[in-house]
Amino acid sequence: MEAPTYRVPRYLKLLAFGFVLVWVLTAAFPFAWTVWGSFKVQADFFSYGDWTDALDGPATTAQTGGAFTLDAYRGVWIDNEFWKPALNTIIVTVSVTAISLTLGTLGGYALARSGYRYAFWILLAALIFRAMPGVTLVSGYLLPFFELNIWGKLPTAIIVLVALNQPFTLWLLHAFFLSIPRDLDESALVDGCTRFQAFRLAIIPVMWPGVITAGIFSFLTGYSDFVISAAILSEENQTMIPRIAAFLGSVQLRGQIMYAVAATVSVIVPLIILVLFFQKRIVSGLTAGAVKG
Amino acid sequence: MPHLTFAKFIFPSLAAMFIFIALPIVSVVYQSFFIEHEQIMQEVETCDPFSCKTERRIDPEAMIALRAEQPAGRFNGLGTYTDSAHLAFDEIARIWRASPDILTALDRITDLPFYRALLFTFAYTAVVTPASIALGFFVALAVNQIPKLIRGIVVYFSLLPMIVPSLLGSLILFWMIDSRGIIGSSLQVLFNDPTLSLKASPVLTWITLFSYGTWNSTPFVFIIFFAALQTVPRDTLEAAMVDGASRWDRVRFVVAPHLANVATFLVLVSVMDNFRVFEAIIGFSAQAHASSLSSVIFNDLRSGDVPLFGSAAATSIMTIICIALLMSPSIRRTWISFRAKA
C-alpha cells in the first residue's frame, strides 16, 4: 500500500524523464553514429560540407553506387589482415577467462571459508594490487621477459593478464561464496568428504551464477586490454586494440581513416551484443562489492 | 578450514599474483636505480681512394656484449629520480632563482615533463571524480522516478560508455569532435567560428579530456547509486513522511545518509581508476597538450631502439607512491574496522 503523499508531482516526473533522455542520448548516440558512419566513405563521415552528408551520403553514392558501402570493412579485414589480431584476441580472451576463473574460484572459495586472519591480509593485498595501474608494472616485466626469451609470445600476455585480473576476481568470488550457506559444504564434510570433494560435489553445482559474472569481467579484461598487450606482444602476435592504435598514425596519413573507424566498430559491436545478453550479471557484478559497503 | 587445505586452494592464485605483481614491483624498484649504458666509441679508419681519416663511431658489438653482461644498465642510484626528466631538482633550483615571483616559477615548473604529467593527472582526477559522482547520482535519482518498464533499457544504454575499451571510446568521440565531424562542425556553427578546433589549444584539450572522463566514469557511479537506492529503508521514509518531512528533507536525512557508505566506496574506486588515465590521451591524440604519469611511462618504454627502463621505472615508483598516499586513508579505515571486529 502506498501512502498518497508518496506520489511524485507531475513536473518532477517530467523533469526526471527529460534528464534521463538527455543522458541516454549522451551515452549511446556516439556509438550509434559511428556504427552508422562506418558504412560511409570518408568524404561523408568527415565531410567538408555539412555533417548531414553522413546521413544521406552523397559521396558514398557517387563513389560506390550505393548509400552504404563495406569498403572500409573490406580494407581493414582483408587488405590489412585484421583477422590476424582478431584471432589473437580470441585466443587471449578465452584463455584469460578460463584460467582466471579456475584460479579465482579455488582461491575465492578458500578465502570465503577460511576464517583465519591471514585471509583478510590476502584480500587487503589484493585490493592494493587492484589499485596499481598495469603500466607501472610493465617496465618490471620487459627486462626479465627479454632475458628469459618469453617476450612477445601469447602465453606470456595471457598469464600476466590473468595475474592482473586475479585481485578483482578473488574479491568478487569471495563475496559470492560468502553468500552460499556454509551448511551446504559442511554437511558434505560431515558425510566424510574431503574439502576438495565437498567443493566439487556441493559447491560447483551451485556456483555458476557467480562464476558467469566473474567470467564476464575476466572476458572484458582480456578483450579490452591495451597497455599490457601493446608492450608485451610482438607485432605478429598483436591483439585488436593495440593494432588499432598502431593503425592510427598510418591511416591518417594515407587518408584511410575509415579503416580505423571500421576496425573500431568491429571491436565494439560484440561488446554491445554481450551487454544485451548479460546486462543483469554485469550490474550484479558491479554492485556486489559496493552496496554491502 | 585447516591451513594446509587453505594453502592448496589459494596457491595457484597467490602464486600468479606473487610472480606477476609482487615480484615485478621489486624488479621495477631495482631497475629504477639503473640507467642505460654509455655508448662505447671506437676509432675507425675509413679510406677512400683519396685519403684516409679516422672517426669515432659507436661500437655495436661491444654494446651488445655489454648489454648482455649487464642487462639493467649501469648503476645510477637515485640519479634517475632527480634528473631533469623526473623530479628535476637542479632545474627547479634554477627556475626558483631566475623567476620574479612564485606564480611565474610555478608556471615554469609545470612545464617540466614530470610535473606537467603530475599536474594533469591530479587535475583529471580532481575534476572527473566529483563530476562523475554528482552526474551519476542525479541520473540514478532520475531513473528511480521513471516507470520500471523502461528502466532496463536505460541501464543498457548507460552501460555502453563504461564497457567499451577507453581507447576506442575516446577515438569515437575524437572523430565526432573533429572539425569535420558532427560535434566539431556543429560547434563551429554554434560559435560562428569556422576555425574553432577543440584540438588546437591546451585548455580546450584538457576540457575535452575531462568531459570524456566524466562520460566514461558516470555509468559505474549511476549503477552503484541506483542499486543502493533500491535498498533505502521504506519504513524510515514513510515514518519521515508521517512526521511531515518534505521531499528535500527526505533526500537529505534518509536517502543521503543511507548512500554515504556507497559514496565513500565510489570516491575510492573512482580516484583509483581516474588516476591511471592514459588511453584517452592516445585516443584523442592529445600528447602535445596533455600527458599523464601513465602516458609518460608508456612513452619511455616505446622510445627508440632501447626502451628507457630506468626512466620508466622511476616514474612507475613515484606513481605507485602517489596511489599509496591517495589510498592510505581508506586502507587505514579498513584496518581499523577489521581490528574492531576482531
Side-chain angles (χ1 to χ4, degrees), chain A residues 3 5 8 13 16-17 19-20 23-24 27-28 30-31 33-34 46-48 51 103-104 106-107 109-110 113-114 120 124 129 131-133 135-144 147 160 162-163 166 170 195 224 226 231 241 245 264 267-268 271-272 275 279 282-283 286-287 290-291 293, chain B residues 1 5-6 9-10 12-13 16-17 20-21 24 27-28 31 71 139 142-143 145-146 154 156-161 163-165 167-168 171-173 176 178 180-182 185 223-224 227-228 238 241 261-262 265 272 276 278-279 282 294 297-298 301 307 309 312-313 316 319-320 323 327 338:
Chain A
T5 40
V8 179
K13 278 215 142 142
F17 201 82
F19 186 62
V20 170
W23 162 248
V24 167
F31 300 107
W33 178 254
T34 308
F46 295 97
S47 171
Y48 281 108
W51 61 266
L103 304 192
L106 291 173
Y109 174 72
R113 293 291 187 263
S114 161
F120 167 82
L124 193 68
F129 287 159
M132 219 119 47
V135 73
T136 58
L137 295 174
V138 168
S139 57
Y141 296 140
L142 289 181
L143 206 53
E147 293 294 300
V160 168
V162 165
Q166 271 307 293
L170 275 184
R195 204 27 115 157
S224 315
F226 168 61
I241 293 180
T264 302
V267 176
I268 62 172
L271 287 177
I272 294 178
V275 182
Q279 181 179 334
I282 295 174
V283 170
L286 290 176
T287 48
V291 177
Chain B
M1 193 187 272
T5 326
F6 178 81
F9 271 92
I10 198 102
S13 174
M17 289 197 289
F20 292 101
I21 304 180
S27 157
V28 173
Q31 280 176 42
V139 174
V143 172
Q145 296 300 338
I146 65 173
V154 171
Y156 173 71
F157 287 121
S158 305
L159 281 173
L160 297 182
I163 293 289
V164 167
L167 182 77
L168 304 187
L171 268 178
I172 284 174
L173 294 188
M176 290 173 81
D178 187 279
R180 290 179 283 143
I182 175 168
S185 59
I223 297 289
I224 303 295
E238 273 161 25
M241 259 182 299
N261 271 340
V262 178
F265 164 83
M272 238 151 68
R276 59 176 78 180
F278 162 54
E279 296 177 25
I282 300 205
S294 299
I297 298 171
F298 192 75
L301 293 172
F309 290 121
S316 297
T319 309
I320 292 176
I323 290 176
M327 280 188 64
F338 175 77

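Here is how names work: the chains are called A, B, and so on, in the same order as the sequence lines, proteins then strands, and each is numbered from 1. Because only heavy atoms are used, hydrogens play no part in the values below, and waters and symmetry mates are left out as well, while side chains stay in.
- Considering only heavy-atom pairs separated by less than 4.5 Å from chain A, the leading option among B:Val164, B:Ile146, B:Val143 is B:Val164.
- Taking both residues in full, the closest heavy atoms of A:Ala163 and B:Ile21 are given as O-CD1, 3.5 Å, listed atom of the first, atom of the second, then distance.
- When each of B:Leu173, B:Leu171, B:Thr5, B:Thr319 is scored by its heavy-atom pairs under 4.5 Å with chain A, the top score falls to B:Leu171.
- Considering all non-hydrogen atoms of both residues, A:Ala245 and A:Phe226 come closest at CB-CE1, 3.5 Å.
- Crowding of B:Tyr156 atom OH: a count of heavy atoms from other residues, nucleotides or ligands under 6.0 Å exceeding 12.
- For chain A, the nearby parts of B:Ser158 are the backbone and the side chain; heavy atoms of each come within less than 4.5 Å.
- Side-chain atoms of B:Ser27 come within 3.5 Å of backbone atoms of A:Gly140 as a donor-acceptor pair (strictly under, hydrogens ignored).
- Residue with the most contacts toward chain B among A:Ile272, A:Val160, A:Leu170: A:Ile272 (heavy-atom pairs, distance under 4.5 Å).
- Rounding to the nearest 0.5 angstrom, the gap separating the OH atom in A:Tyr141 from the CZ atom in B:Phe20 is 7.5 Å.
- Across B:Ile182, B:Ile10, B:Leu168, the residue that shares the most heavy-atom pairs under 4.5 angstrom with chain A is B:Ile182.
- The part of B:Glu279 that comes within reach of chain A is its side chain, from C-beta onward, which places non-hydrogen atoms under 4.5 angstrom from that chain.
- Taking 4.5 Å as the limit, some side-chain heavy atom of A:Ile282 sits within range of a side-chain heavy atom of B:Ile163.
- When every heavy atom of B:Phe157 is checked against every heavy atom of A:Ala28, the shortest pair comes out as CD2-CB, 3.5 Å.
- For A:Ser114, the parts lying under 4.5 angstrom from a heavy atom of chain B are both the backbone and the side chain.
- In terms of heavy-atom pairs under 4.5 Å with chain A, the best-connected choice from B:Val139, B:Ile297, B:Ile282 is B:Val139.
- Residue A:Ile241 touches chain B through both its backbone and its side chain, counting heavy-atom pairs closer than 4.5 Å.
- For A:Phe19, the part lying near chain B is the side chain, with the backbone staying farther off; criterion is any non-hydrogen pair under 4.5 Å.
- To the nearest 0.5 Å, atom CD1 of residue B:Ile172 and atom OG1 of residue A:Thr34 are 4.5 Å apart.
- In terms of modelled atom types and a separation under 3.5 Å, the side chain of B:Ser316 and the main chain of A:Thr136 share a donor-acceptor contact.
- Contact count against chain B (heavy-atom pairs under 4.5 Å) is highest for A:Ala131 among A:Gly107, A:Ala131, A:Ser224.
- Annotation: maximal heavy-atom pairing with chain B below 4.5 Å, among A:Phe120, A:Tyr109, A:Trp33, A:Phe17, occurs at A:Phe120.
- Only the side chain of B:Leu159 comes within contact range of chain A, with at least one heavy atom under 4.5 Å from a heavy atom of that chain.
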